[in-house]
Number of protein chains: 2
Amino acid sequence: MYRELSDKMTRHRVVSFLSHLRKNDLTMNQYKILSLIEQQGPWLPNRLAEHMELKAATITYLVDALEQRGLVARTPNPSDGRSHYVNFTETGRQLVLDARSEGDYAVMESFRQMDQDEADHLYILLRLLGKKLFP
Amino acid sequence: MYRELSDKMTRHRVVSFLSHLRKNDLTMNQYKILSLIEQQGPWLPNRLAEHMELKAATITYLVDALEQRGLVARTPNPSDGRSHYVNFTETGRQLVLDARSEGDYAVMESFRQMDQDEADHLYILLRLLGKKLFP
DNA sequence: TATTGTTATACTCTATAACTATA
DNA sequence: TATAGTTATAGAGTATAACAATA
C-alpha cells in the first residue's frame with residue numbers, strides 16, 4: 001500500500017516545491033505568512049511576529065513585499081485603530097494552494113541540506129521514532 | 001530498550017547543542033566546515049563550495065572568520081600552487097567534537113522551525129517512513 | 001587561456017531604536 | 001502612559017564581478 005512512496009517520489013515533490021517557490025520568487029517566510037493565513041484566516045502583524053519568532057519590523061518588511069506584489073492586503077482592525085489584519089488576495093490564495101499541492105516545505109527544509117553524516121544521524125533517530133510510533 | 005528516548009531528552013539535546021553553538025559563537029556553516037573536516041580530513045575551498053552549495057567567495061568569508069579565531073588553518077597544496085587545504089587546529093577539533101557530543105544539528109534544523117501544520121505533515125511522513133522501515 | 005582563490009561591492013533578511021498614531 | 005506598527009539604520013551572510021597568481 002505504501003510501496004509507491006519511493007525516494008524518487010519524495011525527491012520529486014521537494015524539487016517541484018522548491019522550483020515553485022523560485023518561479024514565484026517567494027522566500028520561505030513570505031510563503032509561511034501566506035500559509036498561516038490559509039490555515040487560520042487573517043492575522044495581526046504582532047501575532048505573526050510572535051508565531052514566527054521574528055520582530056515586528058521584520059513582519060512589516062515581509063508584508064510590504066507581499067503587498068507590493070498584490071499577494072496580501074492590509075484591512076483595518078475594527079476593534080483597534082492602531083492595527084490591521086493581514087489577509088491574502090485571491091492571487092495570494094491561489095499561489096499558496098498551488099505551492100502546497102506541489103510539495104511540503106517542512107519536508108524540504110528537513111532534507112535539503114543533509115550531508116551523509118547528518119543523514120546517518122537522522123536515520124538513527126527515525127529508527128528510534130519508529131520504535132515509538134510502531135511498537 | 002528505547003523507552004528512554006522521550007521528547008524531553010530529544011529537546012534537551014537540541015537545546016544544549018544550540019546553546020553550545022551560541023556559547024562558542026559559531027554559525028551553522030562555520031560549524032559545518034569544522035564538521036566536514038572532522039569527517040573527511042582537510043578540504044580545498046572549491047570542494048567546500050561545491051559540497052555546501054555556496055560560492056567560493058562565501059567560503060573565503062567563512063574560513064577567514066574561523067582562521068581569525070584560530071579554529072582552522074590554511075596549508076599549501078603541494079600539487080597545485082593556486083590552492084590550499086583547510087584543516088582544523090586542535091582547538092577547532094575539540095570544539096566540533098564537543099558540539100557533536102551535545103546534540104545533532106540535523107535534528108535541530110529539522111524540528112526547530114516547525115509549526116503545527118508542518119508537524120502534521122511530518123507526522124504523516126514518519127508514518128509512511130515507519131511502514132517502510134518497520135514493515 | 002583556464003582555474004583557484006581573494007577582494008570589493010551589493011543585496012537580502014534580520015534586528016534595534018526612534019517615531020507616529022491610537023488605546 | 002503603554003501598545004501596534006512603521007521608518008531609519010545597521011549587521012550578518014550570501015552573491016556577482018574584477019582581479020592576482022598559478023596551471
Side-chain angles (χ1 to χ4, degrees), chain A residues 18 21-37 41-69 71-88 105 108-109 112-113 115, chain B residues 18 21-37 42-69 71-87 105 108-109 112-113 115:
Chain A
L18 276 177
L21 279 196
R22 222 174 287 121
K23 198 172 59 197
N24 288 282
D25 219 17
L26 267 193
T27 67
M28 226 40 158
N29 279 334
Q30 288 169 2
Y31 172 74
K32 189 155 191 165
I33 289 174
L34 294 176
S35 174
L36 287 170
I37 294 169
W43 283 69
L44 299 172
N46 264 1
R47 299 288 92 48
L48 284 173
E50 236 172 72
H51 191 273
M52 297 174 66
E53 298 182 61
L54 294 174
K55 297 299 167 185
T58 305
I59 300 297
T60 299
Y61 169 84
L62 292 167
V63 171
D64 282 351
L66 289 169
E67 193 178 40
Q68 277 163 32
R69 297 175 51 199
L71 300 176
V72 303
R74 290 166 159 108
T75 58
N77 178 358
S79 63
D80 188 337
R82 294 169 303 180
S83 76
H84 55 261
Y85 281 101
V86 180
N87 198 1
F88 50 27
Y105 83 105
M108 185 266 307
E109 266 300 293
R112 198 169 62 87
Q113 297 173 330
D115 60 28
Chain B
L18 277 176
L21 280 196
R22 223 174 286 122
K23 196 172 61 197
N24 288 283
D25 220 16
L26 269 192
T27 66
M28 226 40 158
N29 279 335
Q30 287 170 2
Y31 172 73
K32 189 155 191 166
I33 288 174
L34 294 176
S35 175
L36 287 170
I37 294 169
W43 283 69
L44 299 172
N46 263 2
R47 299 288 94 43
L48 285 173
E50 236 171 72
H51 191 272
M52 297 174 67
E53 298 182 62
L54 294 174
K55 297 299 167 184
T58 306
I59 299 298
T60 299
Y61 169 84
L62 291 168
V63 171
D64 282 351
L66 289 168
E67 193 178 41
Q68 278 162 32
R69 296 176 51 199
L71 301 176
V72 304
R74 290 165 159 109
T75 58
N77 177 357
S79 62
D80 188 336
R82 294 170 302 180
S83 75
H84 55 261
Y85 281 101
V86 181
N87 198 2
Y105 83 105
M108 185 264 308
E109 266 300 294
R112 200 168 61 85
Q113 298 174 328
D115 59 28

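By convention in this document, chain letters (A, B, ...) are assigned in the order of the sequence lines, proteins followed by strands, and residues within each chain are numbered from 1.
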ask   = Along DNA chain C, 5' to 3', what are the outermost nucleotides having an atom less than 4.0 Å from a heavy atom of chain A?
value = C:dT12 to C:dA23
request  = Using a 4.5 Å cut-off on heavy atoms from C-beta on, say whether the side chain of B:Leu54 contacts that of B:Leu48.
outcome  = no
query = Closest approach of A:Asn77 and A:Ser83, non-hydrogen atoms and distance?
reply = ND2-OG, 3.0 Å
ask   = Any idea which heavy atoms bring B:Pro76 and B:Tyr85 closest together, and the distance?
value = O-CD1, 4.2 Å
request  = Before giving the answer on side chain to side chain contact (heavy atoms under 4.5 Å, CB included), spell out for B:Leu26 and B:Arg69 the whole-Å C-alpha distance, their side-chain angles and the decisive distance to 0.1 Å.
outcome  = CA-CA 10 Å; B:Leu26 269 192; B:Arg69 296 176 51 199; 3.8 Å; yes
key: Derivation and outcome, side chain to side chain contact (heavy atoms under 4.5 Å, CB included), residues B:Leu62 and B:Lys32   = CA-CA 10 Å; B:Leu62 291 168; B:Lys32 189 155 191 166; over 6 Å; no
ask   = Distance from B:Met52 atom CE to B:Asn29 atom CG, nearest 0.5 Å?
value = 4.0 Å
Phosphate OP1/OP2 of D:dT3: any A:Asn46 side-chain N/O under 4.0 Å = no
ask   = If an axis is fit to five pairs at each end of the helix from C:dT1-D:dA23 to C:dA23-D:dT1, what is the angle between the two, to the nearest 10°?
value = 10°
Sequence-aligned protein contact record of nucleotides 11-23 of chain D, with B where the base is within under 4.0 Å of a protein heavy atom and S where only the sugar-phosphate is = -SBBBB----BBS
message = Considering every strand and a 4.0 Å limit on heavy-atom distances, what is the contact class for A:Arg74: base, sugar-phosphate, or nothing?
response = sugar-phosphate
Partner residues of B:Arg82 under the side-chain contact (heavy atoms from CB on, under 4.5 Å) criterion, sequence neighbours left out = B:Asp80
note = Those residues at least two apart in sequence (or on a different chain) that pass side-chain hydrogen bond (donor to acceptor under 3.5 Å, both in side chains) with A:Thr58 are none
task = May I have all residue pairs that pass salt bridge (Lys or Arg N to Asp or Glu O under 4.0 Å) and include part of residues 59-68 of chain B, sequence neighbours excluded?
result = B:Asp64-B:Arg74, B:Glu67-B:Arg74
request  = With sequence neighbours left out, write down each residue that passes side-chain hydrogen bond (donor to acceptor under 3.5 Å, both in side chains) with B:Arg47, or none if nothing qualifies.
outcome  = B:Glu50
key: Spacing between A:Leu48 atom CG and D:dT6 atom C1', to the nearest angstrom   = 15 Å
